[in-house]
Amino acid sequence: MRTSWADSGSNSASESAVPAYSGNSSGSRPTRATYVPPHLRNRTPSADLPAASPAAQAQPQANDRVGYGGPPGGSRWAGGSRPDYGRQAYGSGGRTGGGSSGSSSGGGSSGWNNRSGGWDRGREREVNPFGNDDEGEGTLNEQENTGINFDAYEDIPVETSGDNVPPPVNTFAEIDLGEALNQNIRRCKYVKPTPVQRNAIPIILAGRDLMACAQTGSGKTAAFCFPIITGIMREQYAQRSRGPRTVYPLALILSPTRELSCQIHDEARKFSYQTGVKVVVAYGGAPINQQLRELERGVDILVATPGRLVDLLERARVSLQMIRYLALDEADRMLDMGFEPQIRKIVEQMDMPPPGRRQTMLFSATFPKEIQRLASDFLSNYIFLAVGRVGSSTDLIIQRVEYVHETDKRSHLMDLLHAQRETETNGKQSLTLVFVETKKGADSLEHWLCMNGFPATTIHGDRTQQEREMALRSFKSGKTPILVATDVAARGLDIPHVAHVVNFDLPNDIDDYVHRIGRTGRAGKSGLATAFFNENNMSLARALSDLMQEANQEVPAWLTRFASRAPYNGGKNRRSGGGRFGGRDFRREGSFTRSTDYYGGGNSGSGGGSSSVGYGVPSSYGGGYGPGVASAWD
DNA sequence: AAAAAAG
């Protein structure tokens with residue numbers, strides 16, 4: 001039934017007079033949010049509040065300014081909702097067979113090159129985020145940076161649950177993502193979708209909410225970016241009415257660290273290149289003015305850290321009223337004690353449309369039950385998706401635990417580094433990421449390493465943003481092949497060539513361990529993770545031992561002994577539901593729970609239906625775990 | 001107890 005969206009594009013001119021806030025909400029605009037933030041109260045509605053009707057929007061506003069908002073005339077709708085930058089590559093770019101749609105859908109749809117006004121002279125052309133002109137491809141370097149070892153993705157177990165789960169796809173070609181995006185996918189050298197993409201993209205394209213467990217290195221960012229970009233390109237949106245300097249993004253992507261937000265922004269910009277979809281990032285520690293200027297140029301997808309976003313919301317520089325897509329990356333972290341209030345404020349107490357009127361996607365490598373319970377507040381009849389980790393841990397991440405007394409840690413680390421030095425491969429210095437518990441400890445270890453002839457740098461929350469970014473660059477480039485980090489670097493960061501993760505200090509939480517070791521063995525490549533264990537880590541013994549065992553790792557006898565002595569499931573954060581996925585759908589934890597309360601769509605009978613799609617799951621998997629857990633986390 | 005996220 002889905003018409004090709006090239007068609008929908010060419011039809012859009014005639015439909016464009018109807019503000020399309022479609023999806024499942026019967027094509028109506030979002031009603032005015034009942035909540036009016038304090039800063040918007042007692043202001044002149046015509047100036048500040050988004051207009052309530054298309055007619056009102058058609059009235060030229062006195063404070064129109066090229067650069068944000070754009071011309072208000074209804075006729076410009078034909079050119080799309082963001083008239084100040086056209087959808088060049090979609091149709092009018094001439095790349096598609098149906099290239100006529102661009103020109104037929106109103107002359108307003110000019111491309112980047114035709115933008116009027118010299119206000120942003122010098123920025124008229126979209127910067128090519130690929131850093132080339134489609135030539136000089138195929139160099140070794142390119143391959144290394146973007147190449148994903150797809151063979152490692154073949155045998156990944158996948159589990160889904162929820163109502164009417166859309167079936168997975170096997171190729172990008174099966175999905176109608178649009179020519180401009182397809183071209184970017186080719187530029188990224190993504191040949192075929194990774195398991196999380198195969199499953200998540202159809203779910204999101206179908207308009208469903210999603211809670212997904214998948215390691216970041218498995219293509220998670222693309223899994224939620226592709227359908228968001230396609231959705232924004234495909235549909236006509238009611239022109240965003242505007243208050244002075246307020247912008248109305250259509251999609252919001254939140255992440256727990258600044259670096260991760262930057263990384264998501266960089267990726268999203270590649271995916272949206274020449275699609276006319278504008279991505280902006282906002283995070284703390286950097287001057288806000290530049291970010292404000294970027295926002296004023298127009299924003300469809302806003303990538304942000306929570307603190308800075310709240311700031312922007314309170315300044316009324318951003319409104320969430322038009323949000324159609326909400327994605328939380330590292331969602332379990334976003335909902336833990338430190339972050340939850342801020343996230344609730346953003347999602348529930350500002351002007352964002354409620355669940356059901358927006359699409360919500362939560363991604364994380366781990367999803368403890370308690371967090372799932374909190375998260376269900378944000379979701380509407382969602383689908384739970386668990387994708388086993390890339391490859392089996394036995395061949396991709398080798399985990400080692402060594403008993404090292406506190407006082408011996410430094411010399412032991414030095415031994416490891418010496419050994420590492422001799423095994424550097426193919427000219428490219430291999431990188432070592434060392435995790436410590438405290439910021440002070442990070443500085444101190446970095447200093448000591450440098451004193452001992454090991455080029456090291458450090459990243460933690462007490463450093464300035466500039467220092468943090470510098471450290472990361474220096475590490476990535478190999479200039480300082482050792483990076484000492486706190487948990488700020490534990491999640492999501494995609495750093496190629498990290499050969500070795502050392503847990504100099506083990507975390508207290510096994511989920512943090514999982515995230516940390518996930519910094520190596522990425523994109524299907526192999527990696528090594530070494531942990532220093534001692535009497536301070538007893539509370540982690542059982543969880544660590546269980547995890548390693550599940551991952552077919554060699555568990556030292558002494559660790560097994562500690563584990564058996566430890567109180568049953570002693571760690572505060574045992575792996576809920578067992579199994580090797582980062583988590584399983586808490587709605588299926590058994591009929592004695594209140595799971596139906598969270599179901600939304602009704603949990604009885606087929607409600608809890610699950611379709612486990614195993615991609616060559618070895619028969620040895622699946623034993624010993626609860627019903628429906630088909631599989632292997634690693 | 002620590003880390004992160006606003007300035």
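Naming: A, B, ... by sequence-line order, numbering from 1 per chain. Below, all heavy atoms of this structure are taken into account, side chains as well, without hydrogens, waters or symmetry copies.
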Would you kindly give the [atom1]-to-[atom2] distance between [X] and [N], to the nearest whole Å?
X        : N     : atom1 : atom2 : result
A/Lys440 : B/dA2 : NZ    : C1'   : 13 Å
A/Asp443 : B/dA3 : CG    : P     : 11 Å
A/Asn503 : B/dA2 : CG    : C1'   : 15 Å
A/Ile459 : B/dA2 : CD1   : P     : 20 Å
A/Met337 : B/dA3 : CE    : C1'   : 11 Å
A/Leu254 : B/dA4 : CG    : C1'   : 14 Å
A/Leu506 : B/dA3 : CG    : C1'   : 16 Å
A/Asp512 : B/dA2 : CG    : P     : 15 Å

- prompt: Between A/Arg587 and A/Tyr382, is NZ or CZ placed under 6.0 angstrom from the six-membered ring centre and within 45° of the ring axis?
  reply: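 The answer is yes; both the distance and angle limits are met.
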On the nucleotide [N], are OP1 or OP2 found under 4.0 Å from the side-chain N or O atoms that [X] carries?
X        : N     : result
A/Thr305 : B/dA4 : no
A/Arg258 : B/dA5 : yes
A/Arg468 : B/dA5 : yes

As a test of reading the structure: which of [options] is closest to the side chain of [X], going by heavy atoms?
X        : options             : value
A/Thr438 : B/dA5, B/dG7, B/dA2 : B/dA2
A/Lys439 : B/dA3, B/dG7, B/dA5 : B/dA3
A/Asn508 : B/dG7, B/dA5, B/dA1 : B/dA1

query: Is the number of heavy atoms from other residues, nucleotides or ligands within 6.0 Å of CZ (A/Arg410) greater than 12?
result: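 Correct, the count exceeds 12.
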query: For A/Arg333, which contact category applies under a 4.0 Å heavy-atom criterion: base, sugar-phosphate, or nothing?
result: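 No contact at all - A/Arg333 keeps every heavy atom at 4.0 Å or more from the nucleic acid.
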- request: Pick base, sugar-phosphate or nothing for A/Gly338, based on heavy-atom distances below 4.0 Å to the nucleic acid.
  value: base
message: For A/Trp558 and A/Phe533, take the angle between the two ring planes, folded into 0 to 90°, and tell me which bin it lands in: parallel under 30, tilted 30 to 60, perpendicular over 60.
response: tilted
query: Would A/Phe504 and A/Val484 satisfy side chain to side chain contact (heavy atoms under 4.5 Å, CB included), going step by step from the backbone distance to the final call?
result: CA-CA 9 Å; A/Phe504 188 89; A/Val484 183; over 6 Å; no
query: Should A/Lys369 and A/Asp585 count as an ion pair when the cut-off is N to O under 4.0 Å?
result: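 Salt bridge: no.
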